[in-house]
Amino acid sequence: MQLYGTYTSPYVRHCRIALAETGQDYELIETDYAQSARLAPAKRVPFLKAGDLVLNDSLSILKFIRESARRAFLPDVEDCDLFALTNTALDTAINLFLLEKDGLGPAQSGYLARQAARVHDILEALEGRAGALPAKTDRFTDGELRLGCFLDWALFRERITLTEHIELAAFLERMKEYPCFANTPPRVT
Ligand SMILES: N[C@@H](CCC(=O)N[C@@H](CS)C(=O)NCC(=O)O)C(=O)O
């Protein structure tokens with residue numbers, strides 16, 4: 001099984017954590033933007049090849065990893081919403097990050113200003129939920145792992161600070177005690 005991606009991508013990180021949790025053998029094939037544009041229709045990482053199966057999004061990859069290990073994927077509706085809401089902030093923050101490299105930001109576009117407000121407001125909403133997380137004691141859920149991957153990436157890329165989000169900061173510290181998370185920090189290779 002080959003997972004195509006980078007060591008900075010939070011989506012790839014989530015897949016790597018799930019693969020480590022389920023003990024599945026795989027090879028990470030480092031793939032930059034030019035390669036993913038050539039090799040994948042979505043022009044993004046991660047994508048996964050497992051025999052004849054090709055999966056083009058972390059969502060389907062995670063479902064495949066969990067279900068291969070006989071685990072349900074996002075069975076709890078509140079956790080599914082946590083995953084989806086966090087993912088909206090993550091997608092938006094990454095778009096803003098990539099557009100900034102091209103010199104475009106909220107100052108140039110009303111739509112981009114709305115995107116920045118979206119990230120801000122989702123962080124506020126997540127701050128209200130973070131104190132009760134993790135919801136279970138035996139393991140982190142996929143909604144929680146997505147939140148951890150988002151926060152750590154956004155701090156790494158200096159997209160957010162958590163000085164005014166103490167519950168989110170405390171949640172991230174709790175997650176950093178988990179080896180599968182602690183062993184996969186974002187890093188430039
Ligand atoms: N919905 C996708 C999002 C993946 C994504 O945005 N990946 C970023 C890297 S972190 C990427 O490859 N971006 C390249 C681009 O947008 O051109 C998933 O969950 O896998």
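None of these values were measured; they are calculated from a predicted model. Both counts, for ligands and for their atoms, begin at 1 and track the order of listing.
No side-chain heavy atom of Asn87 sits under 4.5 Å from any side-chain heavy atom of Leu59.
The nearest protein atom to atom 2 (C) of ligand 1, hydrogens excluded, is given as Asp57 OD2, 3.3 Å; this is a heavy-atom distance. Ranking the protein heavy atoms by distance from atom 19 (O) of ligand 1 puts Ser58 OG, 2.6 Å first. Among all non-hydrogen protein atoms, the one lying nearest atom 15 (C) of ligand 1 is Lys43 O, 3.8 Å. In this structure, the protein non-hydrogen atom closest to atom 10 (S) of ligand 1 is Ser9 OG, 3.2 Å. Regarding atom 7 (N) of ligand 1, its nearest protein heavy-atom neighbour is Val45 O, 2.8 Å. With respect to atom 14 (C) of ligand 1, the closest heavy atom belonging to the protein is Tyr33 CE2, 3.5 Å.
Contacts between Ile94 and ligand 1 below 4.0 angstrom, taking non-hydrogen atoms only, involve the side chain exclusively. Under 4.0 Å from ligand 1, not a single heavy atom of Asn87 appears.
Judged purely by distance below 3.5 Å, without hydrogens or angles, the side chains of Thr22 and Arg71 never pair a donor atom with an acceptor atom. Between the side chains of Arg118 and Gln115, at least one donor N or O lies within less than 3.5 Å of an accepting N or O.
Residue Pro46 places a heavy atom less than 4.0 Å from ligand 1.
Listed by chain and number, the hydrophobic cluster partners of Leu48 are Met1, Leu3, Tyr4, Tyr7, Val12, Leu19, Tyr26, Leu28, Ile29, Leu39, Val45, Phe47, Leu53, Leu55, Ile61, Phe64, Ile65, where partners are ILVMFWY side chains within reach of under 4.5 Å, directly or through others.
The pair Asp81-Arg129 counts as a salt bridge, with a side-chain nitrogen and a carboxylate oxygen less than 4.0 angstrom apart. A salt bridge links Glu100 with Arg159: at least one charged nitrogen is closer than 4.0 Å to a carboxylate oxygen.
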Show every donor-acceptor pair shorter than 3.5 Å between a side-chain atom in residues 149-158 and any protein atom, with sequence neighbours excluded, or say none if there are none.
residue : atom : partner : partner atom : Å
Asp152  : OD2  : Arg13   : NH1          : 2.8
Asp152  : OD2  : Arg13   : NH2          : 3.4

